[in-house]
Amino acid sequence: MIPVILSGGSGTRLWPLSRGQYPKQFLPLVSGATMIQETMLRLDGLAGLQPPIAVCNEDHRFMMAEQMREIGIKPAAIILEPVGKNTAPAVAMAALSAGSEDDVLLILPADHVVADRPSFHRAVIQAEQLAKQDLLVTFGIVASEPETGYGYIKRGNVRYGEAYKVDAFVEKPDLQTAQRYLDSGEYFWNSGMFAFKAGCFLRELEKFNLEMLRVCREALAAAKPDLDFVRLDKQIFATCPSDSIDYAVMEKTDKAAVIPLDAGWNDVGSWSALWDVTAKDETGNAIKGDVLTVDTRNSYIHSGNKLVAVIGVDNLIVVETDDAVMIAAKDRVQDVKDIVDQLKKAK
Ligand code: GDD
Ligand code: MG
């Protein structure tokens, strides 16, 4: 099995810590290791793993190479995208780079947290077996809220051990639909991790978006060797249709299976999610750096350079970095994107 690390996101919802040039996956947000390193370290102990393939923006190539080196991993390839075209082309590049069409790829977003490693490993082992039977395997999280930022997977009646055939895959439904799915009890959230044979994925992509596959093949064939990097041809890749694996393939395929995953998964999509997964003191505060508190509860407080002092508040996010200070109510952290939009406009 070949781990494929997808690292194209800019993580704007964790501004001001996560930046375009230094997005969240390269930061040690939850442990001493960065999220990308955690993504690989989480696989420790799984048998039969081949060296990983990483797919990232070319601006991040040295961070990627260095962070892999720090944990003693030599990737089979670091594929560099001159522009982001979303996850379907990124996965296609990895599939086209695999040694054999029968290699099973384990697709891993670079910025998630999985608290329970043994449960995760059990699910991955089952996923590999199903992938060998030409299924496109998703890892389903039991849905607990009508979250509209996720894909929803309806389980079918056919069983494969603990897994189900997928009846329907719906990427990012509206709130009403998400609520209906939640009430039905028949849907999982899509975790964004997948397992399938390289050839299986490519055949499905060929069916649903031949143009994308054609451009990916061309951009890879014209790639320039550059140290250990595979630098995709910029002009060709720029013409690639942009789409996520979820819309481009998973919503359309009839070969999907879902394995329930109950392993403390979190995609750390916001400051409140980061507070959720971070170790807290007895008053519920998650503290990073030089911080003093008085009568403060259930808050996330990050100091980058200065002493940060917080008095008499609850449920606050305070983040101090080199060039910015953000203070937000914990239940308003989705609006960080409005600040990022304002900043982009001001540029
Ligand atoms: N290499 C590369 N290139 N990676 C990318 C690109 C790209 O152009 N775009 C996104 N990625 C990486 C991100 O860094 C992240 O690790 C992963 O692919 C998923 O992309 P997101 O942008 O975070 O997707 P999402 O959160 O909107 O939705 C996906 O994840 C949800 C769970 O977190 C979908 O798979 C949903 O169905 C799923 O529920
Ligand atoms: Mg995401």
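Quick note: residue numbers are just sequence positions, from 1. First listed ligand is number 1; within each ligand, the first listed atom is number 1.
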Any idea which protein heavy atom is nearest [atom], and the distance to it?
atom	value
atom 37 (O) of ligand 1	Glu171 OE1, 2.6 Å
atom 13 (C) of ligand 1	Gly9 N, 3.5 Å
atom 8 (O) of ligand 1	Asn86 N, 2.9 Å
atom 34 (C) of ligand 1	Asp246 OD2, 3.3 Å
atom 17 (C) of ligand 1	Pro109 CB, 3.9 Å
atom 19 (C) of ligand 1	Thr87 CG2, 4.1 Å
atom 39 (O) of ligand 1	Asn190 O, 2.6 Å

Ring centroid separation Phe188 to Trp265 under 6.0 Å: no
Polar proximity ligand 1 side, [X] side, N/O cut 3.5 Å exclusive:
X	value
Phe194	no
Gly8	yes
Val55	yes
Lys172	yes
Glu81	yes

Part of [X] within contact of ligand 1 (heavy atoms, under 4.0 Å):
X	value
Ser7	backbone
Asp267	side chain
Ser191	backbone

Show me which atoms of ligand 1 lie under 4.0 Å from any heavy atom of [X].
X	answer
Gly192	35 (O)
Ala110	16 (O)
Lys85	8 (O)
Ala90	1 (N), 2 (C), 3 (N)
Gly84	8 (O)

Protein non-hydrogen atom below 4.0 angstrom of atom 21 (P) of ligand 1 present: no
Under-4.0 Å protein heavy-atom contact, atom 26 (O) of ligand 1: no
Residue list, ring-ring contact (aromatic ring centres under 6.0 Å, His included) with Trp15, at least two apart or on another chain: none
Under 3.5 Å: donor-acceptor pair, side chain of Glu147, backbone of Gly149: yes
Sub-4.0 Å heavy-atom contact, His112 with ligand 1: yes
Test item, Trp265 contacting ligand 1 (heavy atom, 4.0 angstrom): yes
Among Asp59, Asp322, Asp323, salt bridge (Lys or Arg N to Asp or Glu O under 4.0 Å) partner for Arg19: Asp323
Side-chain touch Phe196/Val104, heavy atoms, less than 4.5 angstrom: no
Of the listed options Ile5, Val83, Asp111, closest to atom 15 (C) of ligand 1 (non-hydrogen atoms): Asp111
